[in-house]
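What follows is a single structure, written as structure tokens, with notes after it.
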Amino acid sequence: MARRTIHKYSYCKGHLSPISRKKSSSSTSLSHRNYSLYVNRVLKEVVPQRGMSSRTLDFMNTLINDIFDRIAKEAHHLMHFRKRCTLTPEDIQKAVYMLLPENLAKYAVTFGREAVDRFVRS
């Protein structure tokens, strides 16, 4: 009979801890996500006559993945600090405010909230 490994931060009853979960072969790693298509779209909206080299796109992709990973980890820590099992938008907003400079965090939270509102309305 296999023993179940219990994570020291496991506050949620009945949920498997991250250590004991099996990795599926079809899941993609966060570090392999590619945002170059979206970066190009935004660039063409802002400056239509400009382009970006593939090396610069790779750098932007790495930067976006790194910031996403940092925000996710900080939000996870806040969730466990509050002894909750569910990640809430407030956890993510607080993580953004903790990691980014003040003005950038304010704009990021505002634009993120607007994007979620547009998604919910559609």
Side-chain angles (χ1 to χ4, degrees):
M1 190 160 123
R3 291 183 124 182
R4 189 172 134 197
T5 306
I6 298 187
H7 193 265
K8 68 178 184 176
Y9 295 113
S10 183
Y11 295 113
C12 306
K13 293 181 181 176
H15 294 289
L16 294 177
S17 67
I19 294 172
S20 64
R21 285 192 184 136
K22 290 183 180 178
K23 300 284 184 186
S24 67
S25 60
S26 64
S27 67
T28 59
S29 175
L30 290 176
S31 61
H32 294 291
R33 293 204 175 158
N34 193 353
Y35 298 100
S36 60
L37 176 68
Y38 309 108
V39 171
N40 271 327
R41 284 183 187 173
V42 171
L43 180 65
K44 290 300 178 187
E45 283 181 19
V46 176
V47 188
Q49 65 272 18
R50 289 286 184 168
M52 197 179 280
S53 70
S54 62
R55 192 167 179 188
T56 307
L57 279 174
D58 287 342
F59 177 77
M60 290 296 295
N61 194 48
T62 303
L63 179 73
I64 292 168
N65 279 317
D66 182 50
I67 291 175
F68 179 81
D69 190 42
R70 289 181 188 193
I71 290 171
K73 283 180 183 176
E74 190 62 40
H76 179 258
H77 289 301
L78 288 170
M79 181 185 73
H80 280 296
F81 179 74
R82 292 176 43 208
K83 296 186 179 179
R84 304 281 186 211
C85 297
T86 306
L87 185 65
T88 62
E90 290 80 21
D91 293 329
I92 297 170
Q93 287 179 7
K94 288 177 186 176
V96 168
Y97 278 115
M98 290 173 70
L99 292 172
L100 298 178
E102 185 178 353
N103 287 338
L104 185 59
K106 185 173 71 172
Y107 283 115
V109 168
T110 302
F111 284 123
R113 189 179 304 124
E114 288 175 8
V116 169
D117 289 342
R118 278 196 309 265
F119 177 76
V120 168
R121 279 187 268 138
S122 66

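Everything numeric in this text was worked out from a predicted model, so none of it was measured. Residue indices begin at 1 and follow the sequence shown.
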Check the pair M60, T62 against side chain to side chain contact (heavy atoms under 4.5 Å, CB included), reporting the backbone distance first and the verdict last. CA-CA 5 Å; M60 290 296 295; T62 303; over 6 Å; no
Listed by chain and number, what are the side chain to side chain donor-acceptor pair (under 3.5 Å) partners of N40, not counting sequence neighbours? none
Shortest non-hydrogen contact between A95 and A75, atoms and distance: CB-N, 3.6 Å
I need the single residue from K94, E90, Q93, R84 that forms a side-chain contact (heavy atoms from CB on, under 4.5 Å) with L78. Which is it? K94
What distance do S36 atom OG and D58 atom CG have between them, rounded to the nearest 0.5 Å? 8.0 Å
Rounded to the nearest 0.5 Å, what separation is found between the CZ atom of R113 and the CD1 atom of I92? 12.5 Å
Nearest 0.5 angstrom please: I64 CD1 to L57 CG, how far? 9.0 Å
May I ask you to say whether K73 pairs ionically with D69, meaning some side-chain N is under 4.0 Å from a carboxylate O? yes
When rounded to the nearest 0.5 angstrom, what distance separates CD1 in I67 from CG in L100? 6.5 Å
Heavy atoms, side chains only, cut-off 4.5 Å: are V39 and N61 in contact? no
For K44 and R50, indicate whether the former's side chain and the latter's backbone hold a donor-acceptor pair under 3.5 Å. yes
Could you tell me whether R82 and D91 have a side-chain N and a carboxylate O separated by less than 4.0 Å? yes
Taking everything shown except E102 itself, do over 12 heavy atoms lie less than 6.0 Å from its CD? no
With a 4.5 Å cut-off on side-chain heavy atoms, are R118 and R121 touching? yes
Please determine whether a side-chain nitrogen of the Lys or Arg among R70 and D66 lies less than 4.0 Å from a carboxylate oxygen of the Asp or Glu. yes
Would you say L87 and V96 are hydrophobically clustered, going by side-chain heavy atoms of ILVMFWY under 4.5 Å? yes
Over 60° means perpendicular and under 30° means parallel, so tell me whether Y38 and Y35 are parallel, tilted or perpendicular. tilted
Report the residues that fulfil side chain to side chain donor-acceptor pair (under 3.5 Å) with K106, sequence neighbours left out, ordered by chain and then residue number. none
